[in-house]
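Accompanying notes for the structure given below.
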Protein chains: 4
Amino acid sequence: MTPAEAQSTSERILDAAEALFAERGFAGTSVRDIAGRVGLNQASIYNHFSSKQALYEAVLDRGLRPLAEILGAAAHDAFSRQASDRAGELIAEQLWRTPNLPKLLQREVLDNGEYLERLIRNWLRPIYEKGLVAIESGSRPDLWDEHERVLLLFAFYHLVFGHFTSAALIRSLGGLDLSSADVHGTYIAFLRKVSHRLLGIDAPPEQKKERAR
Amino acid sequence: MTPAEAQSTSERILDAAEALFAERGFAGTSVRDIAGRVGLNQASIYNHFSSKQALYEAVLDRGLRPLAEILGAAAHDAFSRQASDRAGELIAEQLWRTPNLPKLLQREVLDNGEYLERLIRNWLRPIYEKGLVAIESGSRPDLWDEHERVLLLFAFYHLVFGHFTSAALIRSLGGLDLSSADVHGTYIAFLRKVSHRLLGIDAPPEQKKERAR
Amino acid sequence: MTPAEAQSTSERILDAAEALFAERGFAGTSVRDIAGRVGLNQASIYNHFSSKQALYEAVLDRGLRPLAEILGAAAHDAFSRQASDRAGELIAEQLWRTPNLPKLLQREVLDNGEYLERLIRNWLRPIYEKGLVAIESGSRPDLWDEHERVLLLFAFYHLVFGHFTSAALIRSLGGLDLSSADVHGTYIAFLRKVSHRLLGIDAPPEQKKERAR
Amino acid sequence: MTPAEAQSTSERILDAAEALFAERGFAGTSVRDIAGRVGLNQASIYNHFSSKQALYEAVLDRGLRPLAEILGAAAHDAFSRQASDRAGELIAEQLWRTPNLPKLLQREVLDNGEYLERLIRNWLRPIYEKGLVAIESGSRPDLWDEHERVLLLFAFYHLVFGHFTSAALIRSLGGLDLSSADVHGTYIAFLRKVSHRLLGIDAPPEQKKERAR
DNA sequence: GATGAATGAGGATTCATTCAT
DNA sequence: AATGAATGAATCCTCATTCAT
């Protein structure tokens, strides 16, 4: 993979658009800005994408694909505790590698855009169902009632997506650079610990993990 | 106080602007839209606010004031477990009553706008410092090391702000209407339970709460 | 004459408007600017003048009055060489004391505004006719033919009005501060010398004047 | 070269802008007016010039170029009386052919705009210095002292620029149409006569000219 | 006489998009 | 596939003016 010139123009446009949409949102990004960042004329964008909206959706589609695959695989066999842990970690890894993605998603949720509905229908809904089952079967039985399990699932979502979404805040306030591998490692461990405590499987697995390392 | 007509024009503008900025973001909201929603000519907005940016900041200032007061009070005496619990609940209550606020804040964090810096300097920084101390003194001593306590503080932030920020997603996926008092009650209880588990003070308070109901 | 407060509001408005119209022209001056300079609300201007245009004309009327009187008097008895000299000096004196005036007039000429026509009809035309006669009777008979006398009259106009109108250029390029009394004195003497040369009455009067001083 | 259609759009915009800026000034001219006169959409202007200000400066730059060349050449060898005469004539010729130019310049002087400073630095200053030398070496030695020579140089400037700038006044009052070649010829002759009288080299050249006609 | 508020029209400029080249 | 030029609609904001207080 040679860096920039080797990419197709379409992909270079997608890269620029992804960065700008994540940084400034759909409304805050102009086609001119995107073209400018690629070193292209405004009009050229339309040789590759039929409209700004279409480009935006292509950005989301491309960005979500790897995440969707992970989620799909997780939904497939997320019934053991290890599988659950692994799924969470894989998601966090993926978001860490593609830091624009959580921002794009969070913006889409805030905007309550049309794309969100499609997103939910195609990808989020199945994950959600599997996630509920996973929590039900993976948590200490007496700990959470049915309503709370729904909230717990969303809590996990906020824990992971909020983390990557608030990078600016976390750097400013906490002095942590989320893009550093070190900080990321700490976060991954923290995440596992938190999820075990919330699922009520705290003590033993923790110790095992500590030893395993 | 009759609902709409009794308010000053400036406040009606602030109301409309708050709703629109929360819903569509700064870039996605036009001054014309705001004026239209108040039933005013575009130009009239400028009799009350010197620019769109100034209006935006006035919206945030006004919206943040009650929250800032709660946070300020919390920072003042958040050293007992009860005080901590209470602070979290008050914040959640406040965000529930002003559902635009968390969205505005989250957008500001995503946009990494200039206002964010001021916000951090004036309000968030002191809260953050107090929060760290509160976690240190209020959690089971062996549970979280120094680095993790920072992450834990942000986790609480994500748990609360993410919740209100993702209302659209939670309704679509979880079928929960966050504006309902019932759902809100469940969430408040859930939040306390989660925070106790994360702070390692699970068993006894939980049982008390269970009985109390 | 107490400085500012003793003036009527109308006159303070006229002062501010005169300065701004001279500096930026009619189109470049806003009612808000004028009101601001007087320390008044925009709307208050309309308690004193019915429109921006009316205010502009009031400025010109007020500013032109003293000049018109001088010109009127000059037109009355400008048939001796001394009277001619004196008229030119009086005009130059007046323009020097009211430096906004030549600028306003020059702008009006450039804009070719409606006011100009009225101006010509009421004041400039009679002066022009008298001026032609004065030149005819005051210049060396063989020097200028009929056509040239017209051009000569305008040349005098340019010599005087252009001088005060180009203050900015003269300061920048020539390093002369036209508002200084010294520079003004030099100019007055220069003007007389020039006019004598152009009227063909150079040698003897010059010598006489030199002695007279 | 067919008159209008053969020109590039940019030049047609420059033409329209030049006419309007000269006629109404910068503040009094709207981009819409300019576009309208070219038969273009407002927005199209911005495909050719980055802002109204940039267009204005392009107008001045283009308009001043021929004049600057004449002035530059004049400054090069304006030391004989003939060269001096010729320079003045060339300038007057040029202003006559581009009647918008003197108006634009006079407006710029009145507005005391930023462009004026650049203009002075680049073009006017060198001409001014050469002009002073030309007057010193070309005038009767005992006639003007150092201070007066400065005023005399500006007087020439007023005589020429004021003439073309006041076309409206001259037509109204004097009944002369400055755009007529006849009137222009008279003016050129008049100008030479005036400059000879002011430089104190009256008698002989005058007689020659009188005969020549 | 002063003013805060309202407004329709217009200010410069940017927008996404189209089209001929 | 790229682009210069064109455009209608929209952007934020200012304009002169009005009116009730």
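Chain identifiers are assigned alphabetically (A, B, ...) following the order of the sequence lines, protein sequences preceding nucleic acid strands; residue numbering begins at 1 within each chain. Worth saying up front: this structure is predicted, and the values here are computed from it rather than measured.
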Passes side-chain contact (heavy atoms from CB on, under 4.5 Å), B:Leu169 versus A:Leu124? Steps please. CA-CA 10 Å; B:Leu169 197 66; A:Leu124 268 38; 4.0 Å; yes

List the steps, then state whether side-chain contact (heavy atoms from CB on, under 4.5 Å) holds for B:Tyr46 with B:Val31. CA-CA 10 Å; B:Tyr46 292 87; B:Val31 173; 3.7 Å; yes

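For F:dA5, the OP1/OP2 oxygens have no side-chain nitrogen or oxygen of D:Ser44 closer than 4.0 Å. An OP1 or OP2 oxygen of E:dA12 is reached within less than 4.0 angstrom by no side-chain nitrogen or oxygen of D:Ser51. Remark: A:Thr9 is in phosphate contact with F:dA2, judged by side-chain N or O atoms under 4.0 Å from OP1 or OP2. For F:dA2, the OP1/OP2 oxygens have no side-chain nitrogen or oxygen of A:Asn41 closer than 4.0 Å. A close approach under 4.0 Å does not occur between any side-chain nitrogen or oxygen of A:Ser30 and OP1 or OP2 of E:dT14. The phosphate of F:dA6 has OP1 or OP2 within less than 4.0 Å of a side-chain N or O from D:His48. The shortest distance between the side-chain N/O atoms of A:Arg32 and the OP1/OP2 oxygens of E:dC15 is below 4.0 Å.
Nearest-nucleotide assignment on DNA chain F puts the 5′-proximal partner with D:Ile13, out of C:Lys52 and D:Ile13.
Counted within 6.0 Å of CD on A:Glu114, heavy atoms from surrounding residues, nucleotides or ligands total 12 or fewer; the atom is thus considered open.
A salt bridge between D:Lys103 and D:Glu23 is absent, with no side-chain N of the basic residue lying under 4.0 Å from a carboxylate O of the acidic one. A salt bridge does not link D:Asp15 to D:Arg37: none of the charged side-chain nitrogens sits closer than 4.0 Å to a carboxylate oxygen.
The base of E:dA6 lies close enough to the side chain of B:Asn47 for a donor and an acceptor atom to sit less than 3.5 Å apart. If you check distances only, the side chain of B:Gln42 never reaches the base of F:dC12 with a donor-acceptor pair under 3.5 Å.
Residue-level contact check: D:Leu40 touches the backbone only, with heavy atoms under 4.0 Å from sugar-phosphate atoms and none from bases. Using a 4.0 Å heavy-atom criterion, one finds that B:Ser10 contacts no nucleic acid atom at all. Counting any heavy atom pair closer than 4.0 Å across all strands shown, A:Thr29 reaches sugar-phosphate atoms only and no base atom.
Interatomic distance, CD1 of D:Ile45 versus CD1 of D:Ile13, reported as 4.0 Å (0.5 Å rounding).
Atom CZ of D:Phe49 and atom C1' of F:dG4 are 14 Å apart (whole Å). Whole-Å rounding puts the C:Ile45 CD1 to E:dG4 P distance at 14 Å. Between the CD atom of C:Gln53 and the P atom of F:dA16 there is a distance of 12 Å, rounded to whole Å. B:Asp33 places its CG atom 14 Å from the C1' atom of F:dA9, with the value rounded to the nearest Å. The separation between C:Tyr46 atom OH and F:dC15 atom P is 11 Å, rounded to whole Å. At whole-Å resolution of the value, CG in A:Leu20 and P in E:dC15 are 12 Å apart. Look at CD on A:Glu11: it is 14 Å from P on F:dA1, rounded to the nearest Å. Computed from coordinates, the A:Phe21 CZ to E:dA16 C1' distance equals 12 Å when rounded to whole Å.
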Read 5' to 3' with Watson-Crick or G-U pairs under 3.5 Å, [ ] for crossing pairs and | for partners on another strand, DNA chain F gives .||||||||||||||||||||

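Between A:Phe21 and A:Phe26, the ring planes are parallel. Angles under 30° get that label, and only those over 60° would be called perpendicular.
Residues D:Tyr56 and D:Glu108 have side chains that bring a donor and an acceptor to within less than 3.5 angstrom of each other.
With F:dA9, E:dA12, F:dT14 as the candidates, the nucleotide lying closest to the side chain of D:Ala43 is F:dA9.
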